[in-house]
S.K.: 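Mind having a look at this structure? Questions to follow.
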Amino acid sequence: MKRKFKKIALVFFLVFIAIQFYQPKQNISNSFDIGKNFANNYKVPPTVLNSLQKACYDCHSNNTKYLWYDYIQPARMFVEDHIKNGKEQLNFNEFASYSNRKQQSKLEAISKEVKSGDMPLSSYTLLHHDAKLTKQEKEAIIAWINKTLNSKN
Ligand code: HEC
């Protein structure tokens, strides 16, 4: 019984080591198109921008700030999956390339996600404590979005 357990543990260990070699391309881009970038096209107060950057940009921009444990498999696969899906839905670096209508609806969606607390994902804030938004930070984001949407209508 003991020997069998040892064998199983060894197999798990070897599989764990083997999957470490699978490291997909990082979400880090050096080129930057300010024409499409959110912060270059909206007058975002620095505090609001800071909040969005710390809480959202890892999955919703072309540059993720990876932490050392983000590289450990199988977590890495989940991280990249979140980034891929997150960017498909919302990419702050390409925000201004969306149609006006889409930009408006994305701003509404951001406000909704922040209000409900569904974003940033809780699986993410579990390890990225800094990404949690305080009540004041949330209120500032929502207030700025309301103001921006009202001034556009
Ligand atoms: C850990 C990665 C991650 C972080 C951090 C994150 N998101 Fe997301 N976000 C996703 C993923 C994955 C999806 C797509 C799947 C889903 O809706 O769950 C998504 C979807 C969304 C959508 C839905 C788009 C739509 O039109 O319905 C919005 C809006 C959004 N996120 C806003 C935010 C905001 C605002 C923040 C920061 C406060 C944030 N997200 C932080 C991963 C993330």
Side-chain angles (χ1 to χ4, degrees), residues 12 15-153:
F12 268 100
V15 169
F16 177 76
I17 295 296
I19 60 174
Q20 300 312 315
F21 290 96
Y22 176 63
Q23 292 288 338
K25 195 171 172 291
Q26 296 174 20
N27 180 41
I28 295 177
S29 152
N30 295 318
S31 61
F32 208 62
D33 186 346
I34 58 169
K36 294 183 189 167
N37 190 35
F38 176 70
N40 294 94
N41 289 276
Y42 283 83
K43 286 201 190 81
V44 203
T47 48
V48 170
L49 185 60
N50 264 338
S51 304
L52 294 174
Q53 281 171 339
K54 74 162 189 181
C56 321
Y57 272 48
D58 273 351
C59 300
H60 292 291
S61 85
N62 293 334
N63 280 289
T64 301
K65 288 202 182 82
Y66 292 92
L67 301 175
W68 65 266
Y69 44 76
D70 290 329
Y71 291 107
I72 300 173
Q73 292 289 19
R76 183 75 205 280
M77 284 184 264
F78 292 106
V79 170
E80 290 305 325
D81 204 47
H82 279 155
I83 296 170
K84 186 174 158 279
N85 294 335
K87 273 169 67 171
E88 262 167 24
Q89 295 279 331
L90 167 71
N91 186 339
F92 283 103
N93 291 141
E94 284 161 23
F95 199 86
S97 68
Y98 303 154
S99 70
N100 281 342
R101 232 179 108 179
K102 189 168 169 185
Q103 291 184 36
Q104 287 206 10
S105 75
K106 289 294 167 189
L107 284 174
E108 280 162 16
I110 293 167
S111 182
K112 207 179 98 206
E113 297 291 345
V114 168
K115 206 178 283 174
S116 68
D118 289 344
M119 288 282 158
L121 297 174
S122 51
S123 61
Y124 170 79
T125 49
L126 200 65
L127 288 172
H128 299 75
H129 297 286
D130 302 349
K132 275 192 190 148
L133 294 170
T134 65
K135 193 163 166 271
Q136 285 88 341
E137 287 171 326
K138 287 183 188 175
E139 282 168 2
I141 296 171
I142 294 164
W144 175 74
I145 289 177
N146 282 343
K147 202 179 111 198
T148 306
L149 288 174
N150 285 336
S151 68
K152 284 217 160 156
N153 289 330

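For ligands, and for the atoms within them, numbers begin at 1 and follow the listed sequence.
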S.K.: Which of the listed options, E113, M119, K84, holds the heavy atom that is closest to atom 16 (C) of ligand 1?
M.R.: M119

S.K.: Could you tell me whether atom 5 (C) of ligand 1 has at least one protein heavy atom nearer than 4.0 Å?
M.R.: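 Answer yes: something from the protein, a heavy atom, is under 4.0 Å.
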
S.K.: Which atoms of ligand 1 have any heavy atom of K106 under 4.0 Å away?
M.R.: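 Counting atoms of ligand 1 from 1, those under 4.0 Å from K106 are 24 (C), 25 (C), 26 (O).
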
S.K.: Judged by non-hydrogen atoms, does L90 sit under 4.0 Å from ligand 1?
M.R.: yes

S.K.: For atom 38 (C) of ligand 1, which protein heavy atom lies nearest, and how many Å away is it?
M.R.: C56 SG, 2.6 Å

S.K.: Using atom types as modelled and distance alone, determine if a side-chain donor or acceptor of Q73 lies under 3.5 Å from a backbone N or O of M77.
M.R.: yes

S.K.: For I28, I'd like to know if atom CD1 has over 12 heavy atoms of other residues, nucleotides or ligands within 6.0 Å.
M.R.: yes

S.K.: Report the nearest protein non-hydrogen atom to atom 12 (C) of ligand 1: residue, atom name, distance rounded to 0.1 Å.
M.R.: H82 O, 3.5 Å

S.K.: Looking at non-hydrogen atoms alone, which of A55, A109, C59 comes nearest to atom 41 (C) of ligand 1?
M.R.: A55

S.K.: Is Q104 reaching over with its side chain to a backbone N or O of N100, donor-acceptor style, under 3.5 angstrom?
M.R.: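 Judged by distance alone, no pair lies under 3.5 Å.
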
S.K.: Could you name the option among K132, H60, Q89 that has the heavy atom nearest to atom 9 (N) of ligand 1?
M.R.: H60

S.K.: Taking K84 first and then E80, would you say they form a salt bridge - that is, a charged N and a carboxylate O separated by under 4.0 Å?
M.R.: no

S.K.: Taking the six-membered ring for Trp, are H128 and Y69 parallel (under 30°), tilted (30 to 60°) or perpendicular (over 60°)?
M.R.: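 Ring orientation, 0 to 90° scale: perpendicular.
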
S.K.: Applying the side chain to side chain donor-acceptor pair (under 3.5 Å) criterion to N62, which one of N91, N37, N27 satisfies it?
M.R.: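 Filter result, single survivor: N91.
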
S.K.: Hey, could you give me the CZ/CG distance between F95 and L107, rounded to the nearest 0.5 Å?
M.R.: 4.0 Å

S.K.: Name the closest protein heavy atom to atom 11 (C) of ligand 1, giving the residue it belongs to and the distance to 0.1 Å.
M.R.: G86 CA, 3.6 Å

